[in-house]
Amino acid sequence: MTHTTATTAHHRPRWWTELALLALVYVAYSAGRLLARGDVSTAVDNGLAILRAERAVSLDFETPLNRLFTEHAAIGVPADFVYASLHYLVTPVVLVWLFRRRPLQYRAARTWLMVSTLLGLVGFTLMPTCPPRLLEAGHGFVDTMAQYSSYGWWGAEASAPRGMGGFTNQYAAMPSLHVGWALWCGVMLWRFGRTPLMRTLGVAYPLVTVIVVMGTANHYFLDAVAGAAVMGAGLLLAKPAMRLADRVRTRFPRGGAAALPAVGSPVVGGGCHTSTGERIPGQRTNSAAGTTSTAGTTGGPADSAGRPSGATQDAAPGAVAEHSRAGGADDTAPAAAR
C-alpha cells in the first residue's frame, strides 16, 4: 500500500464517530433554537417588515400559494405531510448514501451541512421572525397545518407531533433551513447521482420544498432566499473549517501518539537505516544468514567488508604488485632529494 492510500484509509470516517458527531450537532442546534426564541413582539415586527418589503416589490408568493393550499385539501394535506416529514427523512438518507457510496466526498459534504446549520442558528438568534401562519388573520394567511391537523400526527402549534409544540421554536423562520437542507440534498443528488432519476430528484426536491414552505404559510419567500444564502456561505466556510479540524487533529493526535513515519525502510534511530534483510543492526533474517554462510563456505570466512576471504586472496597478487610499484617510487624520492 502506498503512502497516499494509507493516508486515505486512515482518514476514512467511522460510522460511530460520525453518528455521535451529527447527533451532538443536532442536539446543540435544537437547544439553540429553543434558547433563541426572543421576544414575541420583536418576532412579529420582523415578520411584518419582511411581508411589507415583499409586497412592495410583488414578491409575496406565499400569499396566493397559501390561498391555493387552503382551498384545496388535495394539495394542502400532502403538502403538510411533506413539510412535517421529508425534512427529517431525506437529509439523513442522503448523508448515509454519501457515507456508503462516496466516502471520499462525504467529509466535505457533511462539513458544509453542519456549518450552514450553525449559521442558520445565528440567524434565528439575531432575527427571530414570526411566520406568516402566526400573523393576525387580517394579513390573509391560514395555518394549513392547523386546518388539516386531523389528517396527520402534527398538532396546531407546529409540525412537531401533538403535545410537543412547546419543544419547538415557532419564531425560527429566518432563514428557512427547510429550504437550505433541501438545496444541499439536491446538490448532492445532482452531483453524485449516476442516473437521470437521481438528478431529476436533485432538481425537484428543493423546488417542491420552496413551494411547500410558502404554501403552508410557514415561511416567507425571503426566508427561502435567506436559506439558500446561508448554504452558500456554509459552502465557502466548509474548507476553512476542515483545515482547522485537521490542524486540531495534528496538534492533538488520537490517543496522544505521534504521527507514524511514511512507509519505507524502517528507521532504527540516530539517522541510521537498516540494510536489506535486517530488522535491527546485528539481527539478520534467515535468508541473509544463509547467504553469508554459503559465501563463507565457498571462499573462506568473510572479511570486515562482508566479502569472502577467497575474494581477498584472489585480488592479493595484483594488490602486491601495485604496492611494489608504489614503494619503488617512494624509494627513489629520497635519492633524488639527496
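Note that the structure is a prediction, hence the values are computed from the model and not measured. What's counted below: heavy atoms across the whole structure, side chains too, no hydrogens, waters or symmetry copies.
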Self-check item: Pairs meeting criterion salt bridge (charged side-chain N to carboxylate O under 4.0 Å, His left out) with involvement of residues 180-205, two or more places apart
Solution: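 Listed by first then second residue: nothing to list.
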Quiz item: Any salt bridge (charged side-chain N to carboxylate O under 4.0 Å, His left out) pairs touching residues 42-56, not counting sequence neighbours?
Solution: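 Applying salt bridge (charged side-chain N to carboxylate O under 4.0 Å, His left out) to every pair that reaches into residues 42-56, excluding sequence neighbours, yields R55-D60.
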Self-check item: Pairs touching residues 200-217 that satisfy side chain to side chain donor-acceptor pair (under 3.5 Å), sequence neighbours left out
Solution: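 Non-adjacent pairs meeting side chain to side chain donor-acceptor pair (under 3.5 Å): T216-N218.
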Self-check item: Inter- and intrachain pairs under side chain to side chain donor-acceptor pair (under 3.5 Å), touching residues 69-80, at least two apart
Solution: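 Listed by first then second residue: D80-T144.
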Self-check item: Any S176 side-chain heavy atom under 4.5 Å of Y220 side chain
Solution: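 A side-chain contact is absent here, since even the closest heavy-atom pair is not under 4.5 Å.
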Quiz prompt | 4.5 Å side-chain heavy-atom contact, M188 and W184 | solution =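 Of all side-chain heavy-atom pairs linking W184 with M188, at least one is under 4.5 Å.
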Exercise. Over 60° means perpendicular and under 30° means parallel, so classify the ring planes of Y88 and H178, tilted if in between.
Key: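 It falls in the perpendicular class, over 60°.
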Self-check item: All ring-ring contact (aromatic ring centres under 6.0 Å, His included) counterparts of F221, not counting sequence neighbours
Solution: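 F221 satisfies ring-ring contact (aromatic ring centres under 6.0 Å, His included) with F61 once adjacent residues are dropped.
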Self-check item: Any residue meeting ring-ring contact (aromatic ring centres under 6.0 Å, His included) with F81, in chain and number order, not counting sequence neighbours
Solution: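 Partners of F81 under the ring-ring contact (aromatic ring centres under 6.0 Å, His included) test: W153, W154.
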Out of curiosity, [X] [atom1] to [Y] [atom2], how far, rounded to the nearest 0.5 Å?
| X | Y | atom1 | atom2 | answer |
| --- | --- | --- | --- | --- |
| I75 | L65 | CD1 | CG | 9.5 Å |
| T63 | H139 | OG1 | NE2 | 11.0 Å |
| L177 | L119 | CG | CG | 9.5 Å |
| L235 | L113 | CG | CG | 12.0 Å |
| L237 | L118 | CG | CG | 10.5 Å |
| L95 | T91 | CG | OG1 | 7.0 Å |

Practice problem: Apply side-chain contact (heavy atoms from CB on, under 4.5 Å) to the pair V77 and F69, showing each step before the final yes or no. | Solution: CA-CA 8 Å; V77 173; F69 284 25; over 6 Å; no
Mind listing the closest non-hydrogen atom pair of [X] and [Y] along with its distance?
| X | Y | value |
| --- | --- | --- |
| M231 | S116 | SD-CB, 3.4 Å |
| M145 | A84 | CE-CB, 3.9 Å |
| P206 | L201 | CD-O, 4.2 Å |
| A53 | V57 | O-CG2, 3.4 Å |
| A224 | V210 | CB-CG1, 4.4 Å |
| A73 | Y148 | CA-OH, 3.4 Å |

Practice problem: Would you please name every residue forming a side chain to side chain contact (heavy atoms under 4.5 Å, CB included) with M198, sequence neighbours left out? | Solution: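 Applying side chain to side chain contact (heavy atoms under 4.5 Å, CB included) to M198 gives W97, L189, T195.
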Quiz item: With sequence neighbours excluded, what pairs up with A241 under the side chain to side chain contact (heavy atoms under 4.5 Å, CB included) test?
Solution: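 If we apply the side chain to side chain contact (heavy atoms under 4.5 Å, CB included) test to A241, skipping adjacent residues, the hits are T111, V115.
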Exercise. Kindly write out the residues that satisfy side-chain hydrogen bond (donor to acceptor under 3.5 Å, both in side chains) with Y106, not counting sequence neighbours, or none if the list is empty.
Key: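 Expected list: E18.
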Quiz item: In chain order, what residues pass the side-chain hydrogen bond (donor to acceptor under 3.5 Å, both in side chains) check against S41, with sequence neighbours excluded?
Solution: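 By the side-chain hydrogen bond (donor to acceptor under 3.5 Å, both in side chains) rule, S41 matches D39.
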Exercise. Please go through V122's hydrophobic cluster and name the other residues, only I, L, V, M, F, W, Y counting, with side-chain heavy atoms under 4.5 Å joining them.
Key: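 Members besides V122, by chain and number: L126.
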Self-check item: Transitive ILVMFWY cluster of V203, excluding itself - 4.5 Å side-chain cut-off
Solution: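 Other cluster members: W190, L207.
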For residues [X] and [Y]: do they belong to one hydrophobic cluster (side chain heavy atoms under 4.5 Å, members Ile, Leu, Val, Met, Phe, Trp, Tyr)?
| X | Y | value |
| --- | --- | --- |
| L86 | Y151 | yes |
| L89 | F99 | no |
| V93 | L98 | no |
| F192 | V96 | no |

Quiz item: Between D246 and R243, is there a side-chain N and carboxylate O pair less than 4.0 Å apart?
Solution: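 Between R243 and D246 there is no salt bridge, as every charged N stays at least 4.0 Å from the carboxylate O atoms.
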Quiz item: Are I50 and D223 close enough, and set up right, to give a side-chain contact (heavy atoms from CB on, under 4.5 Å), and what steps lead you there?
Solution: CA-CA 9 Å; I50 292 173; D223 292 345; 4.0 Å; yes
Quiz prompt | Name of the residue among R133, R67, Q147 meeting side-chain contact (heavy atoms from CB on, under 4.5 Å) with V142 | solution =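 Running side-chain contact (heavy atoms from CB on, under 4.5 Å) over R133, R67, Q147 with V142 returns exactly one hit, Q147.
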Quiz item: Given C130 and N46, is the side-chain contact (heavy atoms from CB on, under 4.5 Å) satisfied, shown in steps?
Solution: CA-CA 7 Å; C130 177; N46 289 335; over 6 Å; no
Practice problem: Decide if atom CZ of R102 counts as having more than 12 heavy atoms of other residues, nucleotides or ligands within a radius under 6.0 Å. | Solution: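 Yes.
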Quiz prompt | Test log, rule side-chain contact (heavy atoms from CB on, under 4.5 Å), inputs R107 and M242 | solution = CA-CA 9 Å; R107 184 181 178 226; M242 287 192 294; 4.0 Å; yes
